[in-house]
2 protein chains.
Amino acid sequence: MNEQDFLAGYDPSAYPATAITVDVVALTIREGALHLLLIRRGQPPYQGHWALPGGFVQPDEDLATGARRELAEETGLGGDRLRRVHLEQLASYGAPDRDPRMRIVSVAHLAFAPDLPDPVADSDADEAGWLPVTALPSRQLAFDHARIVDDGLERARSKLEYTPLATRFLGPEFTIAELRGVYETVWGHPLHAGNFHRKVLSVPGFVESTGGSTERGGARGGPRARLYRSGDARLLHPALLRPAREETVR
Amino acid sequence: MNEQDFLAGYDPSAYPATAITVDVVALTIREGALHLLLIRRGQPPYQGHWALPGGFVQPDEDLATGARRELAEETGLGGDRLRRVHLEQLASYGAPDRDPRMRIVSVAHLAFAPDLPDPVADSDADEAGWLPVTALPSRQLAFDHARIVDDGLERARSKLEYTPLATRFLGPEFTIAELRGVYETVWGHPLHAGNFHRKVLSVPGFVESTGGSTERGGARGGPRARLYRSGDARLLHPALLRPAREETVR
DNA sequence: TTGAGAATTACTCGATCTGAGAACAACTTA
DNA sequence: TAAGTTGTTCTCAGATCGAGTAATTCTCAA
């Protein structure tokens, strides 16, 4: 039997029904706090619970494409704003009983976004919004989404150590203090301003100067700060050190 | 409509047929070279090509369970030997056209194993064996498995930096020189013996002394070496530094 | 039996990096 | 104008790293 004959006689429905979804752990920083995009489900299962934005993968789309589409649908974002969002695959979750409907494997993704507008209500009239990750209603998250969020947060904390992705939470131009704010928010630790400044400028390719400065000083005083944009490094070497790293590994 | 009614009326076959497979990038070290477990496919598609061990996930099993089962089936391993193998999820691959049969999403896993016996031929009479990763027949790997192997190798190199998983390539007791050999093999760089020794013993929880020594010196001379076993740390802090790290990020 | 070579382990030294603190100037609000 | 805040630079002690040296112990081969 050659390969073409084999494919012609192949019957996909002979295999048990499974489905693939993509879910997105979308993070942003609002008013100095880490926020997560959540949807309140309007339909069973888990009706009324908060859940990660996501849905079934279309037959013709890649996993990353599906995740970006779901993110766009929920945030109403498009074009350049959407393109600035960092999106990466997080992990897949496939416990047999994680969804009561059928066997569903979810390929979770992680997104870093600059401060985005509030999402608009979905066609299903689902409520949607950015919720602070502290004081999340863990018990109220649908499916195994609490676990996925935990994994996403740990991945985010870790990625800030050795990649320049912290800049993805900010606009195209930013100050070193704003960048430090991202690290402090995601890591949950205050950082030494002087040492952070020295470190960021000494790592090759992390940031590059725009030559400009802010129009005003800080809200409570201080001089105008110089402006920087993202450099061309994809990895930080040497990496930043996260203080008091916990003993956890996924 | 309550949740039970909803589930009763739910029709899984309404969704397009997709399938989930698990594939395993299983690595081991033989004669100082990194080896990868590969299967030569006995059936279309890609008949005659080398491929990663893997297969469809059973309806009642978890993704990690499926990966371990596939690994056991191909290596003929069981019990304690299998339990010593480190297995972690790598990433999922779901390009729409990656498999000519149907939409198949593969959840790839990564395994670190001590030197294992040669695999026995499968029931499908597929050939199987450990192949050195240098001089892999990249063009001859089935599906997108060359890409998966690349991702797995980079993950392995990276994991050796900040976790004690290098010990998983060795038996329960090992010398510092054997451990250094794992790093040199996976990273592809010779390491400074004295500095490596100092570093391994200074990182808390990496290794602990057994009190014993090897029976003989090295094959070409040298004193007997002290024996160590794996410590209880899950993360190495501070991490080991990989020399000449490339500018790549997944 | 002996000598050459190799490997384990320990030690040294200079360069670099880190954490902590201080200093100064520029800016805010009151 | 005074008081307080912040961006930026500098200093300094301690830790870490890369590279080299050395003592010792063993294997192999002459």
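All values below come from the heavy atoms of this structure, side chains included, with hydrogens, waters and symmetry mates left out. In what follows, chains are A, B, ... by sequence order, proteins preceding strands, each numbered from 1.
Regarding B/Leu191, its CG atom lies at a distance of 14 Å from the C1' atom of D/dA19, rounded to whole Å. Between the CD atom of A/Glu215 and the C1' atom of C/dT28 there is a distance of 16 Å, given to the nearest Å. The distance between atom CG of B/Leu240 and atom P of D/dT16, rounded to the nearest whole Å, is 13 Å. Rounding to whole angstrom units, NE2 of residue B/His197 and C1' of D/dT24 are separated by 14 Å. Following rounding to the nearest Å, A/Leu227 (CG) and D/dG7 (C1') show an atom-to-atom distance of 12 Å. The interatomic distance linking A/Arg226 (CZ) with C/dA26 (P) rounds to 12 Å, in whole Å. Note: CD1 (B/Ile176) to P (C/dT9) measures 7 Å, nearest angstrom. Atom pair A/Leu241:CG and C/dT18:P shows a separation of 6 Å (rounding to whole Å applied).
Residue A/Gly217 is classed as a sugar-phosphate contact, given heavy-atom separations below 4.0 Å to backbone atoms only.
Crowding of A/Arg147 atom CZ: a count of heavy atoms from other residues, nucleotides or ligands under 6.0 Å not exceeding 12.
In plain terms, the two heavy atoms of B/Arg224 and B/Thr214 that are nearest each other are CD-O, 3.3 Å.
Considering only side-chain atoms of A/Arg198, the nucleotide from D/dC12, D/dG7, C/dT8 that sits closest is D/dC12. Taking only side-chain atoms of B/Ala193, from C-beta outward, the nucleotide of D/dT8, C/dA26, C/dT9 with the closest atom is C/dT9.
Nearest-nucleotide mapping onto DNA chain C: of B/Ala219 and A/Gly218, the residue sitting toward the 5' end is B/Ala219.
Distances shorter than 4.0 Å separate none of the side-chain N or O atoms of A/Arg220 from OP1 or OP2 on C/dT29. In this model, the phosphate group of D/dT5 is not approached by any side-chain N or O of A/Arg224 to a distance below 4.0 Å at OP1 or OP2. Residue A/Arg216 places none of its side-chain N or O atoms closer than 4.0 Å to OP1 or OP2 of D/dT6. Considering only side-chain N and O atoms, B/Lys199 lies under 4.0 angstrom from the phosphate OP1 or OP2 of D/dC17.
The base of C/dG21 is paired with the side chain of A/His192 by a donor and an acceptor separated by under 3.5 Å.
For B/His49, the ring-ring contact (aromatic ring centres under 6.0 Å, His included) partners at least two apart in sequence or on another chain are B/Tyr46.
Side-chain contact check for A/Tyr93 and A/Asp151: at least one donor-acceptor pair (N or O, by modelled atom type) lies under 3.5 Å.
Ionic pairing of A/Arg30 and A/Asp118 is present here: one or more N-O contacts between side-chain nitrogen and carboxylate oxygen are shorter than 4.0 angstrom.
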